[in-house]
Amino acid sequence: MTQEERIKQLEATIKHMRRKLHKTVVGIIPPTLVSNFVQEPMPNGLVMTAAFPGGKITKALVVIKEMPKEGIELRLTNVRQTGLLSRSMTTKRKVEVIDLDLELSQGEVAELYVTGEAKGIWVTFLWEAEMSDRLIKQVMLSELEELEELEDEGV
């Protein structure tokens, strides 16, 4: 057997053994966007209401097309089985990102109110499901190799 044949046989053996090695796959689960747009708030100032099956709201994004010069007050109310939790802030910015880290139990409702003459209001919550509700999928090594081939092709 020539040197080249031995190297090819060794490469084939290594490739075969590599397929049997254990690989750990880490999946990143992005938060879910819960979003709403209203041209004008309701008479009581309500802009958005959303019910959740548990989890956590990590951030809120509020975008206002028409902001009054004096600004507005944003009030996030979390209707809980044990009572009401409310957070307020005043802003003059047309785009406001709010860090919340608001834990939610099953069936809780989050409501966003605006006080002021704002119009054209977008609201988006970043919501993370509870761990027990997340999908866990095991990927076989052969599927991983197919994924690697797709990545190599730029997909």
Side-chain angles (χ1 to χ4, degrees), residues 15 17-155:
K15 186 174 182 180
M17 290 177 68
R18 192 184 100 192
R19 288 183 184 149
K20 293 186 178 193
L21 293 175
H22 174 73
K23 286 190 178 182
T24 302
V25 178
V26 177
I28 298 172
I29 302 167
T32 302
L33 297 174
V34 179
S35 193
N36 191 46
F37 173 79
V38 295
Q39 187 57 42
E40 292 183 14
M42 295 183 72
N44 65 352
L46 181 65
V47 175
M48 180 179 180
T49 184
F52 295 91
K56 178 169 60 170
I57 297 175
T58 58
K59 289 184 184 281
L61 169 68
V62 181
V63 178
I64 300 174
K65 287 183 178 180
E66 296 179 34
M67 172 71 79
K69 289 181 181 179
E70 65 275 5
I72 60 167
E73 179 186 359
L74 298 171
R75 187 175 82 248
L76 177 67
T77 303
N78 181 221
V79 182
R80 298 179 171 232
Q81 296 161 350
T82 58
L84 197 68
L85 173 69
S86 186
R87 299 180 189 184
S88 296
M89 70 176 287
T90 304
T91 185
K92 291 184 178 184
R93 293 192 217 165
K94 287 187 169 190
V95 177
E96 190 72 55
V97 177
I98 307 161
D99 291 319
L100 291 173
D101 202 34
L102 178 63
E103 295 286 338
L104 302 165
S105 297
Q106 183 175 356
E108 288 186 354
V109 176
E111 299 173 335
L112 185 74
Y113 294 86
V114 171
T115 304
E117 297 297 317
K119 292 185 179 181
I121 305 166
W122 275 106
V123 178
T124 301
F125 293 138
L126 288 181
W127 172 70
E128 294 178 350
E130 290 180 343
M131 196 56 140
S132 61
D133 293 331
R134 295 181 187 174
L135 174 67
I136 298 172
K137 182 179 177 185
Q138 294 181 351
V139 180
M140 300 298 290
L141 183 60
S142 60
E143 293 176 28
L144 279 178
E145 288 175 348
E146 289 173 16
L147 288 174
E148 287 174 0
E149 288 174 12
L150 287 176
E151 287 175 0
D152 289 342
E153 293 176 10
V155 177

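- Side-chain atoms of Asn36 do not come within 3.5 Å of backbone N or O of Thr49 as any donor-acceptor pair.
- Separation of atoms CZ (Arg87) and CZ (Arg75) is listed at 14.0 Å; rounding is to 0.5 Å.
- Within 6.0 Å of the CD atom in Glu117, the count of heavy atoms belonging to other residues, nucleotides or ligands does not exceed 12.
- Within the 4.5 Å cutoff, the side chain of Leu61 has no heavy atoms near those of the Trp122 side chain.
- Contact check for Met48 versus Val34: side-chain heavy atoms found under the 4.5 Å cut-off.
- In this structure a side-chain-to-backbone donor-acceptor pair under 3.5 Å is present from Glu108 to Ser105.
- Atoms CD and CD, from Glu66 and Gln39 in turn, are 6.5 Å apart once rounded to the nearest 0.5 Å.
- Closest approach of Ala118 and Pro41 over heavy atoms only: O-CD, 3.5 Å.
- Here the rule is side-chain contact (heavy atoms from CB on, under 4.5 Å) with Lys56, and of Leu100, Leu126, Leu104, Asp101 only Asp101 fits it.
- Residues Lys119 and Ile64 share a closest heavy-atom pair of O-CG2, 3.9 Å.
- In plain terms, the two heavy atoms of Asn44 and Leu46 that are nearest each other are OD1-N, 3.1 Å.
- At a threshold of 4.5 Å between non-hydrogen side-chain atoms, the residues Met67 and Ile72 count as touching.
- Just one residue in the list Val109, Ile57, Asn78 forms a side-chain contact (heavy atoms from CB on, under 4.5 Å) with Phe52, and that residue is Ile57.
- In this structure, the separation between CG on Leu33 and CH2 on Trp127 is 11.5 Å, given to the nearest 0.5 Å.
- Nearest heavy atom pair, residue Lys65 against residue Lys94, reads O-NZ, 3.2 Å.
- One finds the CD1 atom of Ile98 at 7.5 Å from the CG atom of Leu76 (value rounded to the nearest 0.5 Å).
- For Met42, the CE atom is loosely surrounded, since the number of other residues' heavy atoms within 6.0 Å does not exceed 12.
- With rounding to the nearest 0.5 Å, the separation of CD in Glu40 from CD1 in Ile121 is 8.5 Å.
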